[in-house]
Amino acid sequence: MEAILGIIIAAILSQNFILVKFYGICPFMGVSKKIDTALGMGMAVTFVMALASAACWLVYEFLLIPLDMVYMQTVAFILVIASIVQVVEMFLKKMVPALYKALGVFLPLITTNCAVLGVVLVNVQEGYNFLLSVLNGAAGGLGFTVAIVLFASVRERVNKAECPESFQGYPLALIAAGLLALAFMGFSGLSIT
Amino acid sequence: MNFKKQFKEGLLTKNPVTVQLLGMCSTLAITTSLFNGIGMGLAVTIITICSNVLISALRKVIPNQIRIAAYITIIAGFVTVVDLFLQAYIPALAESLGVFIPLIVVNCMVLGRAEAFASKNGVLASAVDGLCQGIGYTVALVIVCVIRELLGSGTFGGGLLGPGGAGIQIIPQPFPAMQIVMPVGGFLVLGFVLAGSQWLMKHLEMKSKKKEAAK
Amino acid sequence: MKTENNVMYVLRLALTLLAITAVVAAALAGVNSITKPVIDQLTAEKTQQAIQAVLPGGGEEVDFAASSAIVSKVYKGESGYAVEVTPGGFDNTITMMVGVDYDGKVLGISIISHTETAGLGAVAAAATPAGEAFRGQFVGQSGSVSVTKDGGAMDAITGATITSRAICDGVNAALACAATLG
């Protein structure tokens, strides 16, 4: 129980995937101009991260280890992630068109989101079991969502601010993200042991 | 083929980090010492060149629908090769870059070059493109590294120079702001570097316009 | 997609992808066969060096009853035990060797691998005066250790309390484990 709570708190706050660990910066900068799109991206990523954690754990445990091909893990994991994203996309398109409309444009971007591959690699490195892997994936995704939604709300305002010409756009966004990261440093002592 | 133009694009006007904002994860995460920056830059450069060459050579064989999957498999292959070689021959670098070496697979710069350049151009041009973009990436990384290391730890050349590879102390101990080597500093320093490059480009543009006007 | 029902076309896609994956797998198997012995040897050497550093004369691996999940290996030597522990640091797991003599005192600690932040947590493993000083203060300690912030006697590394705590956790687990071995 402690381990479970510890992982959740770490993944969302003290070890936030974006603001502390620097996974998934590309979508963080790219899809954070509006709060609702940021929320959509966050949800899509959370879903894929949990699913990918489960699938990759199975592949690692029952395919790569028995075959003694652990060195193939990066290739195997990225293929699994790409296929999951593809399947999720097709499934949503057929079954839940409303959700597909909301998330559709973000789905292909998720394959190259390092948060997804990152969480899978960390799961393996830390030797988490199946349940903890899935949990870490889902909690990491929630951490991603929290960070990207917070950042989008900051950015909506920052974009209207006056600033020196050279700082317009991404430089100012990065500095705003830096201040957000500073705030998240406050969580760094938080741990359950 | 225009080597000079490609070089200028990679280094400045289409720099993967400062203009295209690609491969940001590693740019922010590992830029805490010069050693990391150079190591990561070189690894990404080599992988981009190799994947560009192979993808360009295979561009007529790979069907359009599965091209992204095919590219990513090829890239993952090269990344693993580099990862294994680093672990075997430069273990210090492998250790300090950690999970960010396998994460080069999803460094959008590598896939971006494959999709935007190698899939449409010849082998040689693609190799040059990989080299130029790689150099641009490395230079941006090294600049961020040097600033963060100097302000954050007060040293230069961490991992490479100085006693025990800890770097040469330039700012004496109690003064460096350690927050700069923490995540906060990554965002702040990159923000300022980006602003600097935007200013520089604007400046160069005005200069060339003036030149034209004088003609 | 108008070609969706075209079986031959889909088959061609699948086969191309399969061929690429197979070639990549074969190439990686080749590279792996070259690098694996080198990596294994490096890891073994590093572990041996760490044992030598904390337990003069080295030691042989022995069985142990794990009192804590972070104890991974125990080596028994002339003057005591070298205990390999893997506490969770700021970033990821830290792998370190702790030497403990038969009186339950720390002989020394040596960090085998870590991914802590350069200039902060990484100081704990660095071959610099600051790193030596940090590791040196554990020598001779017994019972349990903690950083000054937690009421203990160990000075934490500036800006890296979490790493310092993790090292204390590792040392405590090693001391506890050595105590059960006598």
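Numbers restart at 1 for each chain; the letters A, B, ... are given by sequence-line order, proteins then strands.
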Tell me the residues of residues 156-183 of chain A whose non-hydrogen atoms fall below 4.5 Å from those of chain B, in number order. A/E165, A/S166, A/F167, A/Q168, A/Y170, A/P171, A/L174, A/I175, A/A177, A/G178, A/A181, A/L182

Between OG1 on residue A/T74 and CD1 on residue B/I75, distance to nearest 0.5 Å: 13.0 Å

Just give me the residue among B/T80, B/V184, B/V99, B/I72 that pairs up with chain A most often, heavy atom to heavy atom, under 4.5 Å. B/V184

For the interface with chain A, which of B/G77, B/G191, B/A76, B/G186 has the highest count of heavy-atom pairs at distances below 4.5 Å? B/G191

May I ask you to check whether over 12 heavy atoms, not counting those of B/K120, lie within 6.0 Å of atom NZ? yes

Less than 4.5 Å to any heavy atom of chain A: does that hold for the side chain of B/L111, its backbone, both, or neither? side chain

Return the CD1 to CG distance between B/I101 and A/L121, rounded to the nearest 0.5 Å. 11.5 Å

Any side-chain heavy atom of B/I68 within less than 4.5 Å of one from A/T111? no

For A/F91, look at atom CZ and say whether over 12 heavy atoms of other residues, nucleotides or ligands are found less than 6.0 Å away. no

Interface residue of largest heavy-atom contact number with chain A, from B/D83, B/L188, B/L28, under 4.5 Å: B/L28

Please tell me whether A/F22 and B/F187 form a close aromatic pair, meaning their ring centres lie under 6.0 Å apart. yes

Under 4.5 Å heavy-atom distance to chain A, tell me which part of B/M182 shows up: side chain, backbone, both or neither. side chain

For residues 75-87 of chain A, give me every residue with a non-hydrogen atom less than 4.5 Å from any non-hydrogen atom of chain B. A/V75, A/I78, A/L79

